[in-house]
Amino acid sequence: MSRERAPSSGAPGLAPRAWFIWSVAAVTVALSTDNPIYRGLVALAALNVLLTWLPPGRRVRPLGLVLLFAAGIAALINLLAGHTGADVIARLPGDWPLVGGALTLESLVFGGVLGLGLAAALLAVAPLSLVLEPHDVVDAMPGPLERTGIAVATSLNLVSGFGRTFTEVGDAQRMRGWKPRGLRSWNEVLVPVVLTAIEDSVMLAESMEARGFGAGRRTSYARATLRRRDVAVAASAAGAAVLFVGLRLAGVAVDWYPYPTLYLPPINPVLVAGCLALALPSLARPAAPVPARRGP
Amino acid sequence: MCGVGRLASVLAATAVALAAAALASLAPGSPMVSSCAGAGSQRAALVVEHGDGSVVTRCVSFGTATVTGEQLLNSSGVAWSGQAFGSYGQAVCALDSEPARYATCPGQENYWAVFVSRGGRAWRLSSAGISSLTLVDGDAEGFRYVPAAGDPTAPPPPAGVCGAVVATAATAAARSSTSTATAASAATATATDAGPSAAAAGSAPATAPTGDATLAAAAGTSAGAASSPPDAAPAAPDTGSGLDPGLLVAAVAGGGLAGLALLRLAAGRRGVT
């Protein structure tokens, strides 16, 4: 399977703006419904897209761990805090604040659905961090949102940098003989990681200032053009988002609530097609470079 | 200047007219369920079982082919308050003064489970809110205040609340006119027969509009139901449809996407380029 380098402006691949539209549309679909089938389809579509376009040297395992952790936390919190449902799994003492009472299968499942929505949304925005370069993210934003784009790109960059620092500091401490022994022992890793993150942030701010950030409108040497493939991806994704939002506004049921007893979610084949449309970028394989148009 | 002023007036008038039209479109239309005497030949039963076992029943007439569970409840005169949950629809938070106050909906300890009986058949637990429920002549809507945890049991059967399940228009009209004459006393009798606790809670005087002529409270049915506690478990939730072909489509699509993702992951691990 061929994996091309992250598409920079004018390089083979999807245009940054097409990626941006696809991500926004996928997040909209994932968060506009409580139906686990649609959320699962969006997550799978986004995963396929990510795996197709993931540049060499970048891994999805850390992202997978984060997704599992987030989904697990969501399911656990809902299981402990929601006590409604027909199928009781266990009971905690009633005098325990918040968590006391019956733990039900319905609460667990609904928590899992919340986690699935979170995972689908994270997978939808993952290409902005893992596939695109930070300057591509800035270019993807509409003109008025340029500064927002810079903030988003910087934040996304810091997240991955934080992960790298965590790994590096952990490895360095292990080489010095450190071993994790309970929660307190993690101070020896977390404190250097936080200090390094602060230092990196200060350095980034100084670099941006030195390069004239905020002095005027950002210019670029080459500007990406939307090709037929980009338009197809953006249009299909936007169509899926409009379909979900439109049907919601029209009152067509797209949600699912497992209370008081579990039952199969109702499925609308049209909405399934909308979810599948989000997988289109996984079919749009990277092509030959297209000559870039000279910018201003 | 005068022309500008006239144009502004026209624009303002147009804006006001559009706003009025928009507000009119947002306002609830004329209720499908009439509260007038003999207004409808269709009838649906309402059965409410409180947490203490007391039962309140109503027979509501309506003039249209279908009625939503919310409209039925509104026309029954039983006081309720609810909360909308997206496309799920309206969930009943408090009904007939139970609970008197609530902080969360559905309640942490107890909630109002909604049931539907089609054509006199057994209760089925509803998976939709009352605003999403559609009822026709001979159907019944049931509520029971049940513990939040555990299998919700159904309220008493609706049989007899509206007499025969299928009634001709003439019979229904006759019954409706009968209920016109007896609505006030019947509503009171229902609460009395349902048990002293219900009367003590003030359910009937507070909730039964004595002037609502479409209400035909079946006192005998209520008493009979209260004497035979219903412990039968409800059937599967009523999703409003049978086999969902969309589920098959979704399964195929999800399987395909999952298979592709697994293939890509495996190819990535092998380092295939």
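Labels below follow one simple rule: chain letters A, B, ... track the order of the sequence lines, proteins then strands, and each chain is numbered from 1.
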To the nearest 0.5 angstrom, please state how far the CG atom of L276(A) sits from the CG atom of L257(B). 5.5 Å
Dump the intermediate steps for side chain to side chain contact (heavy atoms under 4.5 Å, CB included) on L248(B) and I267(A), then the final yes or no. CA-CA 9 Å; L248(B) 189 65; I267(A) 302 296; over 6 Å; no
For residues G246(B) and P269(A), report the shortest heavy-atom separation together with the two atoms involved. CA-CG, 3.9 Å
Given a strict heavy-atom distance threshold of 4.5 Å, which part of V60(A) is in contact with chain B: side chain, backbone, both, or neither? side chain
Only one of V249(B), L247(B), V252(B) passes side chain to side chain contact (heavy atoms under 4.5 Å, CB included) with V272(A); say which it is. V249(B)
Can you tell me which portion of A81(A) sits under 4.5 Å from chain B's heavy atoms? Options are side chain, backbone, both or neither. backbone
Side chain, backbone, both or neither: which part of A253(B) has a non-hydrogen atom closer than 4.5 Å to chain A? both
Examine whether an atom of L41(A) lies under 4.5 Å from a heavy atom of chain B, and if so say whether it belongs to the side chain, the backbone or both; otherwise answer neither. both
Hey, what do you get for CG (L54(A)) to CZ (R264(B)), rounding to the nearest 0.5 Å? 12.0 Å
